[in-house]
Trainee: 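Here you go, one structure.
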2 protein chains.
Amino acid sequence: MRREVTLRDVAELAGVSSRTVSNVVNGYANVTERTRVRVERAVKELGYRPNVLARNLAQGRSGQIALVVPYLDTPYFSELLQSVIRAAKVSGYNVLIDQTDGDPEHERGFIAHGSRRLLFDGVIFSPLGLDQQALADRDPALPLVILGERTSDGTFDHVGIDDVAASRQATEHLLDLGRNRVAAIGDQPYATGEAAQRRTRGFREAHQARGLPVREDLIIGTPRFNRPDGAHAMAHLLELEEPPDAVFCYSDLVALGAIRAIVSRGLRVPEDIAVIGYDDIEDGRFSNPTVTTISPDKEMIAATAVERLLLRISSATPPPGLELRAPHKLIVRESTVGRSARPPSA
Amino acid sequence: MRREVTLRDVAELAGVSSRTVSNVVNGYANVTERTRVRVERAVKELGYRPNVLARNLAQGRSGQIALVVPYLDTPYFSELLQSVIRAAKVSGYNVLIDQTDGDPEHERGFIAHGSRRLLFDGVIFSPLGLDQQALADRDPALPLVILGERTSDGTFDHVGIDDVAASRQATEHLLDLGRNRVAAIGDQPYATGEAAQRRTRGFREAHQARGLPVREDLIIGTPRFNRPDGAHAMAHLLELEEPPDAVFCYSDLVALGAIRAIVSRGLRVPEDIAVIGYDDIEDGRFSNPTVTTISPDKEMIAATAVERLLLRISSATPPPGLELRAPHKLIVRESTVGRSARPPSA
DNA sequence: TTGAAAGCGCTAACAA
DNA sequence: TTGTTAGCGCTTTCAA
């Protein structure tokens, strides 16, 4: 590999100091038009490219942020990832991806003071199995934004939608349809299942608000929010003596799995069982039937997360930890109201 | 931010030179048991963490590889991404993601000698609109592995499945079913549509091998391989005087879109129209009906790509450019044979 | 086996 | 406005 052209080479050719070249390259300070032109010519002539690695070391920053999610093959996260990359790029940041498989140990390592620490200037984190303790133990110098609702201790921001309200709205939609044996798939009644628990709370609130009893046996837990778990849970529900006539699924994937289980037994959605999901992934817009869902504003979530993170990175004194709430809406499709729902474009 | 503990601090405390500390930290060379223990104790006592940025500069490498794909919200790519990250991590590499939106200009920039060049030691690239010219103009020093079939000029590797054979196999499956008006959705008869064209070639070969005519009006082009395009193309086919009785879709997403279009018009899959896809994404295993597809061995594609790239990175003299072919198989599901196909686990 | 010291290429404090 | 120069923290050649 031939030696790279350095700042000094440029400086020499242009007859200025490397300091000046640096200024020109970075658009800093006041540089005479004359010198600037001269430097720029030298840059072009030599084909000079700044060495990012050297700049990183000198500045003590990497120009990268990390996005840490539990699973990457989950459409919700890949859609989000896309928006995050787009938002970061606008500010010249690169995005480093990692997936934790929801492993708490792995998640912990990511925000602890590890050797990879300097690879990124901050982290946008969507934790699954991370408890408050791990959060408290984290590297306090690492700028952090957490996705999903979570009580902030004031040292990081979090951004997400109002899960309880959204879940309540979803459940109410099913009740409005006149269904009276509404099930819920996705509860996670253990320490790290906060997000799931908020959805269950919304589910209960919807019932309570109407003076309806919650059928506890219709609340089914799942380890993950994916299709197989949804199908499995639904299969269980269908074997009950009195199966549900509607199901609130804690993700669209769970809903798609559930629908699959229902249909493969010869039952119909929504005639026999209405199904509603959560996340509004593209799959649900083209599935058969299309899936009614809670749609979080992903673009805004991503943009807000990146914006807050970059602010946190560039601030000398850390800004207060905010709890930011993105909007969501209910999108009614076939899985709850049948063909009367407007079909998609095609 | 308090000053970081450096190598020198450790050396001082341990009473050795920084060279020795470096050796210990990296597990290099021969170090006396005694010195090693002493250094390790000092490391622990001071809570020393190597500074990746400094190491990068000193070594002239970043320990990162880039994965460049056209779209990230496409399940095929997110599934692949997952495997690539996993494979890279084994060798201590991080993965930087970028999406090009299929924009040739953007794609070009990625392999040209840009200023971001040093951010990654090599690139795994899944181009969409990249022509041979752009490939030839690229930074010759950048280790490169291309995904998908493509003629290598010997300076990079590519890894993919045998598209022609796979497409032929898919088409034959439809013909075996006794269908005789088989359509194809996804052709891209322009310069950058190589992958699509290979699928069309397989489609033709299957017909030719049986002495059947290809109905040219049943070959439909689509700008992208996604659901909306699939639905749109299918809508067009359904309006023909003599619509097809089977469709070979160039991706599972296209197939899902097509199925959606068929079903929403009250027709049945596969009774009225059989549909086969390509990619074997999870969606197709839980859709209704489930989607018959060509399944490339993604895990192997990812592992092979990473392996070749790392080899290329670490080689003093560049290894020859290989054309590597991963295995694929036909997976028969409901969209071609109906419920007789074994339903998925649930 | 270990030490001394010269880079890696850039940034930025200080000086002019 | 521009030059000088001392780092950034590590790796690694050369010497001992």
Side-chain angles (χ1 to χ4, degrees), chain A residues 1-40 42-43 46-63 92 113 115-119 121 314 316, chain B residues 1-40 42-43 46-63 92 113 115-119 121 314 316:
Chain A
M1 204 186 336
R2 73 181 197 292
R3 204 171 95 34
E4 285 297 320
V5 178
T6 75
L7 253 195
R8 231 197 309 266
D9 298 331
V10 177
E12 210 159 302
L13 178 61
V16 299
S17 81
S18 60
R19 161 68 201 261
T20 303
V21 179
S22 176
N23 279 343
V24 171
V25 171
N26 296 297
Y28 281 168
N30 306 328
V31 182
T32 326
E33 185 62 17
R34 262 190 44 141
T35 14
R36 224 205 42 209
V37 171
R38 223 169 30 180
V39 170
E40 275 167 356
V43 164
L46 295 173
Y48 168 74
R49 307 280 163 183
N51 181 324
V52 212
L53 267 30
R55 173 181 298 171
N56 286 349
L57 175 59
Q59 290 188 151
R61 32 148 282 170
S62 67
H113 188 128
S115 63
R116 296 186 54 210
R117 168 64 180 80
L118 290 174
L119 276 182
D121 300 331
S314 62
Chain B
M1 199 181 346
R2 71 180 198 294
R3 204 172 96 38
E4 285 296 320
V5 179
T6 76
L7 207 51
R8 232 202 303 271
D9 298 329
V10 177
E12 208 159 304
L13 177 61
V16 299
S17 81
S18 60
R19 161 71 201 262
T20 303
V21 178
S22 176
N23 280 343
V24 171
V25 170
N26 295 297
Y28 279 170
N30 305 330
V31 182
T32 328
E33 183 63 16
R34 262 192 41 141
T35 10
R36 222 204 45 211
V37 171
R38 222 168 31 180
V39 170
E40 275 167 354
V43 164
L46 296 173
Y48 167 72
R49 308 279 165 183
N51 180 324
V52 214
L53 267 33
R55 173 181 298 172
N56 286 348
L57 174 58
Q59 289 185 151
R61 30 149 282 169
S62 67
H113 188 129
S115 64
R116 295 187 55 211
R117 168 66 180 79
L118 288 174
L119 275 182
D121 301 330
S314 61

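In what follows, every chain begins at residue 1, and chains take the letters A, B, ... in the order their sequences are listed.
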Trainee: Which residues pass the side chain to side chain contact (heavy atoms under 4.5 Å, CB included) test with A:R8, sequence neighbours left out?
Mentor: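 Residues passing side chain to side chain contact (heavy atoms under 4.5 Å, CB included) with A:R8: A:T6.
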
Trainee: Which of these nucleotides, C:dT1, D:dC10, D:dT4, is closest to any side-chain atom of B:T32?
Mentor: C:dT1

Trainee: I'd like to check the side chain to side chain contact (heavy atoms under 4.5 Å, CB included) partners of A:A42; sequence neighbours left out, ordered by chain and number.
Mentor: A:V10, A:L13, A:A14

Trainee: Atom CD of A:E12 to atom P of D:dG3: distance rounded to whole Å?
Mentor: 13 Å

Trainee: Grab the CG-P distance between A:N51 and D:dC8 for me, whole Å please.
Mentor: 18 Å

Trainee: Please list, chain by chain and in numerical order, all residues satisfying side chain to side chain contact (heavy atoms under 4.5 Å, CB included) with A:Q59, sequence neighbours excluded.
Mentor: A:Y28, A:R55, A:R61

Trainee: Give every pair of a protein N or O atom and an N or O atom of nucleotides 12-16 of chain C that lie under 3.5 Å apart, one pair per line with the distance.
Mentor:
residue, atom, partner, partner atom, Å
C:dA13, N6, A:R19, NH1, 2.7
C:dC14, N4, A:R19, NH1, 3.4

Trainee: Using whole Å, report how far CZ of A:R36 lies from P of D:dT1.
Mentor: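 After rounding, the gap between these two atoms is 13 Å.
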
Trainee: Checking all strands, does A:N56 fall into the base, sugar-phosphate, or nothing category for heavy-atom contacts under 4.0 angstrom?
Mentor: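 No contact at all - A:N56 keeps every heavy atom at 4.0 Å or more from the nucleic acid.
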
Trainee: Going by the rule side chain to side chain donor-acceptor pair (under 3.5 Å), which residues pair with B:S18 if we only count those two or more places apart in sequence or in a different chain?
Mentor: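 For B:S18 there are no side chain to side chain donor-acceptor pair (under 3.5 Å) partners, ignoring immediate neighbours.
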
Trainee: Taking only side-chain nitrogens and oxygens of A:T20, does any of them come within less than 4.0 Å of OP1 or OP2 of D:dT2?
Mentor: no

Trainee: Are any of the side-chain heavy atoms of B:V16 and B:V21 separated by less than 4.5 Å?
Mentor: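 A side-chain contact under 4.5 Å exists here.
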
Trainee: Distance check needed: C:dG9 C1' versus A:N26 CG, whole Å only.
Mentor: 13 Å

Trainee: Nearest heavy atom decides the nucleotide; on that basis, is A:V25 or B:T35 closer to the 5' end of DNA chain C?
Mentor: B:T35

Trainee: What nucleic acid atoms does B:V16 come within less than 4.0 Å of, heavy atoms only: base, sugar-phosphate, or nothing?
Mentor: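 Sugar-phosphate contact only - B:V16 comes under 4.0 Å of backbone atoms but never of a base.
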
Trainee: Whole Å only: how far is the CG atom of B:L46 from the C1' atom of D:dG9?
Mentor: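 Distance, rounded to whole Å: 15 Å.
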
Trainee: Considering just the side-chain nitrogens and oxygens of B:T6, establish if one lies under 4.0 Å of OP1 or OP2 belonging to D:dC8.
Mentor: no

Trainee: List the residues meeting side chain to side chain donor-acceptor pair (under 3.5 Å) with A:D121, not counting sequence neighbours, and say none if there are none.
Mentor: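 Testing A:D121 for side chain to side chain donor-acceptor pair (under 3.5 Å), a comparison that skips the adjacent residues, returns A:S62.
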
Trainee: So how far off straight is the helix from C:dT1-D:dA16 to C:dA16-D:dT1, going by the axes through five pairs at either end, to 10°?
Mentor: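 Both end axes considered, the difference amounts to 30°.
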
Trainee: Just wondering, do B:V43 and B:V39 contact through their side chains at under 4.5 Å, heavy atoms?
Mentor: yes

Trainee: What is the distance from CZ of B:R38 to P of C:dT1, rounded to the nearest Å?
Mentor: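 Taking atom P of C:dT1 as the reference, CZ of B:R38 is at 15 Å.
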
Trainee: Specify the separation, in whole Å, of atom CG of B:L7 and atom C1' of C:dA4.
Mentor: 14 Å

Trainee: Rounded at 0.5 Å granularity, tell me how far CG in B:L46 sits from CG in B:L7.
Mentor: 11.0 Å

Trainee: Using the closest heavy atom to pick a nucleotide of DNA chain C for each, name whichever of B:L57 or B:G15 lands nearer the 5' end.
Mentor: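 Residue closer to the 5' terminus by nearest nucleotide: B:G15.
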
Trainee: Please report the distance, rounded to the nearest Å, between CG in B:L53 and P in C:dC8.
Mentor: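 For the pair B:L53 CG and C:dC8 P, the rounded distance is 18 Å.
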
Trainee: Under the rule for salt bridge (charged side-chain N to carboxylate O under 4.0 Å, His left out), what residues qualify as partners of B:E40, not counting sequence neighbours?
Mentor: B:R36

Trainee: Return the set of residues passing side chain to side chain contact (heavy atoms under 4.5 Å, CB included) with A:T32 (not counting sequence neighbours), or none when no residue passes.
Mentor: A:R34, A:T35

